[in-house]
> 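Can you keep this structure in mind? I'll have questions shortly.
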Amino acid sequence: MVIRKIDHLGRLVLPKDIRNSMGLVDGSSLEILATEEGILLKKYSAELSLISDIENLQRSVKEDNSYVGQDKADQIQKCLQEALLLLRQAN
């Protein structure tokens with residue numbers, strides 16, 4: 001366990017061994033999420049974030065397609081699935 005203090009600007013220094021093990025270098029982006037257990041830091045990936053957004057959109061369209069109708073919802077699902085395949089191949 002590593003304990004660090006937050007400075008007066010709210011900054012926190014991540015230990016070098018943790019940065020190295022996660023492949024974090026100067027300029028790397030992190031997602032900061034508040035959870036019930038505390039704060040979660042995740043290495044940010046625009047591609048993975050976009051994949052998650054598309055999966056959430058798929059669930060929304062599946063759960064409620066009354067605003068576009070079933071035919072359009074099926075077309076949207078097909079397009080979203082194709083987008084997911086392309087993103088996963090690129091990742």
Side-chain angles (χ1 to χ4, degrees):
M1 171 175 35
V2 177
I3 298 174
R4 298 290 174 142
K5 291 191 178 193
I6 297 175
D7 73 10
H8 69 283
L9 294 176
R11 295 178 295 199
L12 173 72
V13 176
L14 297 174
K16 187 174 183 176
D17 58 330
I18 291 175
R19 294 192 315 265
N20 289 343
S21 70
M22 293 183 64
L24 298 173
V25 296
D26 187 25
S28 294
S29 296
L30 292 175
E31 283 186 82
I32 304 169
L33 306 163
T35 69
E36 290 182 11
E37 296 180 24
I39 297 171
L40 174 63
L41 299 176
K42 290 174 57 175
K43 187 174 179 180
Y44 178 74
S45 164
E47 293 85 4
L48 293 178
S49 181
L50 186 54
I51 287 171
S52 176
D53 290 345
I54 292 173
E55 289 171 341
N56 289 334
L57 185 54
Q58 279 185 311
R59 281 190 289 281
S60 294
V61 171
K62 183 178 181 179
E63 291 170 3
D64 182 15
N65 59 29
S66 61
Y67 53 93
V68 294
Q70 187 62 49
D71 290 341
K72 294 259 190 235
D74 291 343
Q75 290 175 333
I76 292 168
Q77 289 287 14
K78 183 178 178 184
C79 290
L80 292 171
Q81 189 60 38
E82 289 173 7
L84 278 176
L85 289 172
L86 288 172
L87 283 168
R88 288 183 174 135
Q89 288 172 354
N91 198 8

> When rounded to the nearest 0.5 angstrom, what distance separates CG in Leu85 from CG in Leu80?
11.0 Å
> What I want to find out is whether Glu82 reaches Arg88 closely enough, with some N-O distance under 4.0 Å, to be called a salt bridge.
no
> If I compare all heavy atoms of Lys43 with all of Gly23, which pair ends up nearest, and what's the gap?
NZ-O, 3.5 Å
> State, to 0.1 Å, how close Ala73 and Val68 come at their nearest heavy-atom pair, and which atoms those are.
N-CG2, 3.8 Å
> How long is the straight-line distance from CG of Leu50 back to CG of Leu84, given to the nearest 0.5 Å?
8.5 Å
> Does anything in residues 23-38 form a side chain to side chain donor-acceptor pair (under 3.5 Å)? List the pairs, not counting sequence neighbours.
none
> Please test Leu24 against Leu30 for side-chain contact (heavy atoms from CB on, under 4.5 Å), starting from the C-alpha separation and ending with a verdict.
CA-CA 9 Å; Leu24 298 173; Leu30 292 175; 3.8 Å; yes
> Can you tell me how far SG of Cys79 sits from CD of Gln58, rounded to the nearest 0.5 angstrom?
11.0 Å
> Are Gln70 and Asp74 close enough, and set up right, to give a side-chain hydrogen bond (donor to acceptor under 3.5 Å, both in side chains), and what steps lead you there?
CA-CA 6 Å; Gln70 187 62 49; Asp74 291 343; 2.7 Å; yes
> Distance from Lys42 atom NZ to Ser49 atom OG, nearest 0.5 Å?
8.5 Å
> Atom CG of Asn20 and atom CD1 of Ile18: how far apart are they, to the nearest 0.5 Å?
10.5 Å
> Report the residues that fulfil side chain to side chain contact (heavy atoms under 4.5 Å, CB included) with Asp7, sequence neighbours left out, ordered by chain and then residue number.
Leu9, Arg11
> Please report the interatomic distance CG(Leu14) to CG(Leu41), rounded to the nearest 0.5 Å.
6.5 Å
> If you draw a 6.0 Å radius around CG in Leu12, do more than 12 non-hydrogen atoms from other residues or ligands fall strictly inside?
yes
> Report the C-alpha separation of Leu40 and Ile32 in whole Å, then their side-chain angles, then the decisive distance to 0.1 Å, and conclude whether the side-chain contact (heavy atoms from CB on, under 4.5 Å) test is met.
CA-CA 6 Å; Leu40 174 63; Ile32 304 169; over 6 Å; no
> Could you walk me through whether Gln89 and Leu87 pass side-chain contact (heavy atoms from CB on, under 4.5 Å), step by step?
CA-CA 5 Å; Gln89 288 172 354; Leu87 283 168; over 6 Å; no
